[in-house]
Amino acid sequence: MSSLQAIRGMNDVLPDQSPVWQYLERQVRSVLDQYGYREIRMPVVEPTALFKRGVGEHTDIVEKEMYTFEDRGGDSLTLRPEGTAGCVRAALQHGLLHNQVQRLWYQGAMFRYERPQKGRYRQFHQIGAETFGIASADIDAELILLSARLLRNLGLADHVTLHLNTLGSNEARGRYRKALVDYLEAVKDKLDSDSQNRLYSNPLRILDSKSESTQALLNEAPAFDDFLDEASREHFSTLCSLLDRAGVAYEVNPRLVRGLDYYSRTVFEWMTDSLGAQGTVCGGGRYDDLVPLLGGKPTPAAGWALGVERLILMLETLEKVPASVHDTVDAYLILAGEAAQPFGFVVAEELRSKLPGLRLITHCGGGSFKSQMKKADKSGARFALIIGEEEAAAKQVTVKDLRTETQQVTLNTEDLMAELGAKLA
């Protein structure tokens with residue numbers, strides 16, 4: 001019988017890798033707390049209609065990438081391919097949006113069926129921030145400033161570029177869409193195959209085509225700026241002014257669109273070329289029309305999502321992970337001899353109670369003193385706490401610093417608490 005393995009594109013995060021994930025999650029949570037965002041947790045499985053209606057039936061996600069199945073009751077369910085639609089559904093269901101301002105964030109696994117490659121998987125993880133109830137450009141600026149602070153705290157600010165654009169109102173996009181389709185119809189045979197498929201269903205996505213030949217054709221296409229409504233123009237100008245005052249550099253990219261139908265006005269992406277081909281590590285914008293689309297009253301909304309795997313790949317590629325992240329153990333308790341174990345377990349629990357930040361492994365399974373010392377060293381612990389027959393009889397513990405030449409000392413439990421507390425402070 002062949003051994004069972006994880007599904008292609010769905011990866012295990014092993015114990016040696018998880019400290020980097022935890023480091024990133026701590027950094028994100030810290031910044032979000034600074035800005036007053038509150039965590040929300042949504043189900044991994046949602047009604048399929050949520051994504052068809054919210055994300056857009058003619059997007060690549062809905063047409064090609066969703067994991068959809070029928071449950072035993074005959075309902076069509078989908079593993080969530082993104083977080084915003086589910087966040088809106090939850091906010092509506094629980095009455096969080098009526099005459100309220102909300103700043104929310106979430107994290108978790110998303111699922112899309114696509115060809116697995118470096119930094120892009122079928123099960124991937126996102127962290128998202130969503131805001132509701134604020135129509136002005138200052139909340140757009142706050143979301144961008146928040147993401148900029150996070151990237152700066154991670155040491156990645158010099159390796160990303162902020163791309164910014166406005167998609168205007170629905171009416172402006174409708175006028176531009178017609179003009180763009182009229183232009184592209186004349187050169188349809190020269191478009192790449194994906195763009196040909198999108199010409200009538202989702203023509204704005206052609207603007208960010210990765211095909212160089214298609215991009216060359218777009219040089220002569222109508223400019224969206226000529227169709228932009230005045231209110232959206234003023235909104236975008238205010239946003240740019242706020243970012244200028246805050247010292248956040250950006251590039252206005254008139255061909256930047258997002259892959260989901262619900263965006264309007266502001267869209268942005270933090271892009272990097274540190275992973276080879278240029279890729280997006282964080283992106284978002286306004287989606288004022290999504291709440292009514294999902295059954296709620298008109299509600300201004302904006303947010304972003306970042307790709308956890310892609311950020312971790314950047315941190316590791318650029319060597320921005322602090323060495324201390326992998327220090328997962330402070331002390332390793334060695335128990336040598338029959339009398340050592342009962343006394344050692346009492347000492348270990350007392351240490352954990354009195355020094356709650358202490359990361360302590362108690363050796364289990366027996367073995368010689370030499371083999372236990374090897375395991376203590378391999379664990380990465382700074383200190384070996386040694387209890388043998390003599391220490392157990394005297395109610396003492398020997399402390400050996402495994403990383404320096406410091407002389408080992410033997411202490412009673414009270415002095416041990418003080419010594420460890422001082423060294424680990």
Side-chain angles (χ1 to χ4, degrees), residues 19-40 83-84 87 101-108 119 125-134 136-165 235-236 238-253 256 258 265-275 278-287 300-322 324-325:
V20 183
W21 287 67
Q22 293 163 3
Y23 165 71
L24 174 60
E25 289 161 1
R26 286 195 302 272
Q27 293 293 322
V28 173
R29 182 183 291 274
S30 174
V31 174
L32 287 161
D33 284 348
Q34 281 187 291
Y35 285 78
Y37 285 65
R38 300 185 299 159
E39 186 178 10
I40 184 171
T84 301
C87 186
V101 169
Q102 296 287 355
R103 289 174 166 88
L104 306 174
W105 75 276
Y106 55 84
Q107 62 179 331
H125 297 77
Q126 285 187 343
I127 297 173
E130 314 287 1
T131 67
F132 303 96
I134 304 173
S136 50
D138 49 2
I139 195 65
D140 304 20
E142 177 181 282
L143 284 160
I144 292 172
L145 290 170
L146 192 161
S147 58
R149 182 175 297 275
L150 172 62
L151 292 166
R152 189 164 61 247
N153 289 358
L154 292 170
L156 301 177
D158 293 337
H159 304 276
V160 292
T161 303
L162 175 62
H163 288 237
L164 202 60
N165 192 23
H235 186 101
F236 191 64
T238 300
L239 170 61
C240 292
S241 177
L242 289 169
L243 295 178
D244 290 339
R245 288 175 177 270
V248 176
Y250 57 87
E251 295 180 7
V252 176
N253 180 353
L256 175 63
R258 300 285 294 151
R265 288 197 174 175
T266 304
V267 288
F268 67 90
E269 292 185 358
W270 288 99
M271 304 187 77
T272 183
D273 55 10
S274 297
L275 302 177
Q278 190 177 64
T280 302
V281 295
C282 176
R286 294 202 70 88
Y287 50 93
W304 54 248
L306 61 83
V308 173
E309 282 89 348
R310 198 165 289 184
L311 267 184
I312 287 175
L313 187 58
M314 277 190 74
L315 288 169
E316 293 178 334
T317 299
L318 298 170
E319 298 182 349
K320 296 295 183 180
V321 181
S324 59
V325 165

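Values in this document were obtained by computation on a predicted structure and should not be read as measured data.
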What are the two closest heavy atoms between [X] and [Y], and how far apart are they?
| X | Y | result |
| --- | --- | --- |
| Q126 | G83 | OE1-N, 4.2 Å |
| A249 | L162 | O-CB, 3.6 Å |
| L154 | K320 | O-CB, 3.8 Å |
| Y250 | C240 | OH-CB, 3.2 Å |
| F268 | L164 | CB-CD1, 3.6 Å |

Would you give the length of the straight line joining atom [atom1] of [X] to atom [atom2] of [Y], rounded to the nearest 0.5 angstrom?
| X | Y | atom1 | atom2 | result |
| --- | --- | --- | --- | --- |
| R310 | L315 | CZ | CG | 13.5 Å |
| T280 | M271 | OG1 | CE | 4.0 Å |
| I312 | W21 | CD1 | CH2 | 4.5 Å |
| Y106 | L32 | OH | CG | 11.0 Å |

Check against side-chain contact (heavy atoms from CB on, under 4.5 Å), L306 and L150
CA-CA 11 Å; L306 61 83; L150 172 62; 3.5 Å; yes
Check whether any side-chain heavy atom of [X] sits under 4.5 Å from a side-chain heavy atom of [Y], and report yes or no.
| X | Y | answer |
| --- | --- | --- |
| T161 | H163 | yes |
| L311 | L151 | yes |
| C87 | I40 | yes |
| E130 | Q102 | no |
| R265 | L239 | no |

Could you list the donor-acceptor pairs under 3.5 angstrom formed by side chains in residues 24-31, with sequence neighbours left out?
unit_1 : atom_1 : unit_2 : atom_2 : d
R29    : NH2    : E39    : OE1    : 3.4

Walk me through whether W304 and E269 qualify under side-chain contact (heavy atoms from CB on, under 4.5 Å).
CA-CA 9 Å; W304 54 248; E269 292 185 358; over 6 Å; no
Give the table of side-chain donor-acceptor pairs shorter than 3.5 Å for residues 137-148, with sequence neighbours excluded, one pair per line with atom names and distance.
unit_1 : atom_1 : unit_2 : atom_2 : d
D138   : OD1    : S136   : OG     : 2.5
D140   : OD1    : R286   : NH1    : 2.5
D140   : OD2    : H235   : NE2    : 2.9
D140   : OD2    : T266   : OG1    : 2.7
E142   : OE1    : R103   : NH2    : 3.3
E142   : OE2    : Y37    : OH     : 2.7
E142   : OE2    : R103   : NE     : 2.9
S147   : OG     : L143   : O      : 3.3
S147   : OG     : I144   : O      : 2.7
S147   : OG     : W270   : NE1    : 2.8

